[in-house]
Amino acid sequence: MSAAPEPRPSNFLRDIIAEDVESNKHGGRVQTRFPPEPNGYLHIGHAKAICLDFGLADEFGGHTNLRFDDTNPEREDLEYVESIKNDVNWLGFKWDGLYYASDYFGQLYEWAIELIKAGKAYVDDLTAEEVPKYRGSLTEPGKNSPYRNRSVEENLNLFERMRAGEFPDGSRVLRAKIDMSSPNLNMRDPVMYRILHAEHHRTGNTWPIYPMYDFAHGQSDSLEKVTHSMCSLEFADHQPLYNWFIEQLGIFPSRQIEFDRLSLTYTMMSKRKLRQLVEEGRVNGWDDPRMPTLSGMRRRGYTPEAIRNFVKAAGVSRTNGIVELAMLEHFVREDLNKNALRVMAVLRPLKIVIDNYPENQVEEMDAVNNPEDPSAGTRKVPFSRVLYIEQDDFREEPPKGYFRLSPGREVRLRYGYFITAKSVVKNDDGEVVEVHCTYDPTTRGGNAPDGRKVKSTIHWVSAAHAIDAEVRVYETLFSKENPDEVDEGGDFTENLNPLSLEVIANAKLEPSLAKAPVGGRYQFERLGYFCVDPDSVDQDSKPGKRVFNRTVALKDTWAKVEKKQKS
RNA sequence: UGGGCCGUCGACUAAUGGUAGGUCAAGUGCCUUUGGAGCACUUUGUCUAGGUUCGAAUCCUAGCGGCCCAGCCA
């Protein structure tokens, strides 16, 4: 038997790494890192970086560190580092080393002094307002700061006093002496250190000065002997600076490689704006199931496997594309279809009375737990005279192409009997509140001995045995493909979808769900995938009451047909 | 109008000078005790104009279009 054709390395990152391994660069060693700033929760965009950093290293027998880029104490918090660790683990990855940029503050400080001594860095007294003026513009070169040519001794003295905490915030900075006329703004004497009398979540008050990203990231990579430092495209302009510090310091030459961020339709990926949604109460926290955060998706019922498959399928390049949300949902359905247990649940109950079914009889019907997985077995579902079906599954006047229950029409109750609608009971508003049916006792289990067919099978629950549940049905958080697309002077919050959350308070579930664990994922037959929300544990006052989140709806061909008929 | 990066089906992504392929979406049919799933089939693409070459999505030139950069954020 011949082996399957060798799959070609399928993206440019893998090609670069494969080439380096091939040429025995760094002895064939591969070391990567995932470097989040702990200033928010991880989102699906980070999942791409995580899959790349960990996945590629793993493919080449390499290692991956988790490193917190905690150089700005004002926005960072321990809550975020804990959530990040949790999310990386949940996604299915294990880091080799766990580091913090703040671990390197001492070393970074020494390196800054080294650069000062070499005449490559200087203390600048320009104010925060003056610095940008001296920097020039996109089209005009900058000009040197009047403090640029201070002596090494003066710079050393000033920098040591900065470190000692003698100066107020913002009064001075340490800058690299490079080239104020460089076409790359990042090379116009970039700031290396700023004065910040702020308490750091790990180093406390030991440092009144903090290194900037550019003076911390490359060196941190270098200290960890990172061979391939992958980051997103907007850092491409920083690469010359990344290399400059490494070269001036003569340290391990980590290499930065940029790739495109993941963008999704109907999804906001800016951490700043996500934080705004949380702080303004537009959503119920970072883990609101409508959020694109990993914690939100976890709560929504997305699986790590589905997210990984999606990220892999979406691929990586250097273009600025937007992936359709439908693609993510496809991989969520694909995974859940294989693994989620099937159950029957009625979201909007309509009472059905089977007039010719014995009053006090209860039958236990056999139901398949997962048609995709015979090993999942079967379960018993109670059947009785009074049932609930979905309101959508009955129409007094059925439109063309409608196969479900309507007066005189016979349909199959899943795992039950064939029933025929006979009459309806209406309320004062003329709404159908009860449907009276008859059943054919010879069709138990769903087959007619005479071989007659029905066009539709609908789900149901026994009214006497059903348990109550609250079901939260989600739509996209934003009603525009691009949430940032707003009119002049507008704000992205205008694009928030007012229908993104619908709470159904009185859904009816088959009794087996009474013991569904928090986080448990199910397919409600014909409706979609749902999972048990953590809020269910607060239901002590109402034993058996559950809260479910709709993860994603099933593909609905009838809905599509109906929509088309309307238009 | 400085510099950097990038333009392949509706979306994402392969093809590394030699058959433009895959996934999602869309559509058609089959099947079905979920109008689910599955199976089969179909539609649509190399930004434009030149050039090099036996041969160009790929290399060159010019244009056009998009994204990023002027934080003491990352």
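Residue numbers begin at 1 in each chain, while the letters A, B, ... track the order of the sequences.
- The closest donor-acceptor contact from the side chain of A:H43 to the backbone of A:M269 lies under 3.5 Å.
- Across all strands shown, B:rU8 forms no Watson-Crick or G-U wobble pair with both distances under 3.5 Å.
- Of all nucleotides listed (B:rG3, B:rA74, B:rC72), B:rA74 comes nearest to the side chain of A:Y213.
- B:rG21 and B:rU8: their C1' atoms are spaced 11 Å apart (whole Å).
- Considering only side-chain N and O atoms, A:T139 lies nowhere under 4.0 angstrom from the phosphate OP1 or OP2 of B:rU1.
- Toward the 5' end of RNA chain B, the nearer of the two residues A:N186 and A:E372, judged by each one's closest nucleotide, is A:E372.
- A:Y415 contributes atom OH, which lies 9.5 Å from atom CD of A:E510 (distance to the nearest 0.5 angstrom).
- Between B:rA14 and B:rG22, the two P atoms lie 15 Å apart (nearest whole Å).
- OP1 and OP2 of B:rC67 both lie 4.0 Å or more from every side-chain N or O belonging to A:T319.
- In this structure, the CD atom of A:E22 is 15 Å from the C1' atom of B:rU16, given to the nearest Å.
- For the OP1/OP2 pair of B:rG35 and a distance below 4.0 Å, the side-chain nitrogens and oxygens of A:R414 include no atom meeting the criterion.
- Looking at the side chain of A:D237, the nearest of the listed nucleotides B:rG4, B:rC72, B:rC73 is B:rG4.
- For the OP1/OP2 pair of B:rG2 and a distance below 4.0 Å, the side-chain nitrogens and oxygens of A:S137 include no atom meeting the criterion.
- For the residue pair A:E525/A:Q523, the side-chain donor-acceptor check at 3.5 Å is not satisfied.
- Side chains of A:T378 and A:D366: a donor-acceptor N/O pair is absent below 3.5 angstrom, by distance only.
- In terms of phosphate contacts, A:R135 brings a side-chain nitrogen or oxygen within less than 4.0 Å of OP1 or OP2 of B:rG71.
- At a threshold of 4.0 angstrom between heavy atoms, the contacts of A:V316 are confined to the sugar-phosphate backbone, with no base atom among them.
- Contacts of A:Y402 with the nucleic acid, taken as non-hydrogen atoms under 4.0 Å apart, include base atoms.
- Of all nucleotides present, none satisfies the Watson-Crick or G-U wobble test against B:rA37 with each distance under 3.5 Å.
- Here A:R33 does not pair with A:E224 in a salt bridge; the nearest charged N to carboxylate O distance is not below 4.0 Å.
- Taking the C1' atoms as reference points, B:rA57 lies 14 Å from B:rC9, given to the whole Å.
- Going from atom NZ of A:K312 over to atom P of B:rU13 covers 17 Å, rounded to whole Å.
- The aromatic ring of A:W558 sits over the base of B:rG35, with ring centres less than 5.5 Å apart and planes tilted by under 30°.
- Look at the C1' atom in both B:rU46 and B:rU19: the space between them is 15 Å, to the nearest Å.
- Base-pair partner of B:rU1: not found among the strands shown (Watson-Crick or G-U wobble, both distances under 3.5 Å).
- Among the protein residues, A:L325 comes within range of no part of the nucleic acid, since none of its heavy atoms lies under 4.0 Å from any strand.
- The listed nucleotides are B:rC69, B:rG71, B:rG35; the one nearest the side chain of A:P132 is B:rG71.
- Spacing between atom NE2 of A:H217 and atom P of B:rA74 amounts to 11 Å, rounded to whole angstrom units.
- With rounding to the nearest 0.5 angstrom, the OH atom of A:Y100 is 8.0 Å from the CG atom of A:D70.
- Using the six-membered ring where Trp is involved, A:W286 and A:Y41 have ring planes that are parallel, under 30° apart on the 30 and 60° scheme.
- For the atom pair A:D179 CG and A:D189 CG, the distance stands at 8.0 Å (nearest 0.5 Å).
- Following rounding to the nearest Å, A:R272 (CZ) and B:rA74 (P) show an atom-to-atom distance of 16 Å.
- In this model, the phosphate group of B:rG71 is not approached by any side-chain N or O of A:R194 to a distance below 4.0 Å at OP1 or OP2.
- Using modelled atom types and a 3.5 Å distance limit, the side chains of A:E363 and A:Y417 yield a donor-acceptor pair.
- One atom, CG of A:N370, and another, C1' of B:rU34, lie 12 Å apart when rounded to the nearest Å.
- Comparing B:rC12, B:rA74, B:rG4 by their nearest atom to the side chain of A:A236 picks out B:rG4.
- The partner of B:rA26 is B:rU42, judged by Watson-Crick or G-U wobble contacts that both fall below 3.5 Å.
- Of the two residues contacting RNA chain B, namely A:G321 and A:T557, the nearest-nucleotide position lying further toward the 5' end is that of A:G321.
- Within 4.0 Å of A:R188, counting heavy atoms only, lies no atom of the nucleic acid at all.
- One can place CG of A:N447 at 12 Å from P of B:rU32, the figure rounded to the nearest angstrom.
- For B:rG71, the O4'-C1' to base torsion is within 90° of 0; the nucleotide is therefore syn.
- With a cut-off of 3.5 Å on both pairing distances, B:rC72 has no Watson-Crick or G-U wobble partner at all.
- Look at the C1' atom in both B:rG27 and B:rC64: the space between them is 34 Å, to the nearest Å.
- Here the separation of B:rU58 from B:rG17, taken at their C1' atoms, is 7 Å to the nearest Å.
- Looking at A:H459, its side chain does come within 3.5 Å of a backbone N or O of A:A345 through a donor-acceptor pair.
- A straight line from CG of A:D260 to P of B:rA11 spans 15 Å, rounded to a whole angstrom.
- Ranking B:rG36, B:rC73, B:rA70 by closeness to the A:N337 side chain, first place goes to B:rG36.
- Side-chain nitrogen and oxygen atoms of A:R318 include none within less than 4.0 Å of the OP1 or OP2 phosphate oxygen of B:rC5.
- In this structure, the nucleotide among B:rG66, B:rU34, B:rC72 sitting nearest to the side chain of A:N320 is B:rG66.
- In this structure the side chain of A:F310 never reaches within 4.5 angstrom of the side chain of A:D335, judged on heavy atoms.
- Note: A:L328 CG to A:N309 CG = 11.0 Å, rounded to the nearest 0.5 Å.
- Distance check on atom P: B:rC5 versus B:rC60 gives 13 Å, rounded to whole Å.
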Check nucleotides 18-29 of chain B against the protein and report each pair of N or O atoms closer than 3.5 Å, with its distance, or say if there are none.
from, atom 1, to, atom 2, distance (Å)
B:rA26, OP1, A:K560, NZ, 3.3

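- Counting non-hydrogen atoms under 4.0 angstrom, A:G401 reaches a base of the nucleic acid.
- Base pairing analysis places B:rC31 opposite nothing; no Watson-Crick or G-U wobble pair with both distances below 3.5 Å involves it.
- For a distance-only test at 3.5 Å, the side chain of A:E562 fails to qualify as a donor-acceptor partner of the base of B:rG35.
- Partner assigned to B:rA62 is B:rU48, using Watson-Crick or G-U wobble distances below 3.5 angstrom.
- For B:rC73, the OP1/OP2 oxygens have no side-chain nitrogen or oxygen of A:T71 closer than 4.0 Å.
- Atom pair A:L405:CG and B:rG35:C1' shows a separation of 15 Å (rounding to whole Å applied).
- Using a 4.0 Å heavy-atom cutoff across all strands shown, A:Y210 reaches no nucleic acid atom at all.
- The same atom, C1', is picked in B:rG10 and in B:rC72; the two are 45 Å apart, to the nearest Å.
- For B:rG2, its base never sits under 3.5 Å from the side chain of A:N184 at any donor and acceptor pair.
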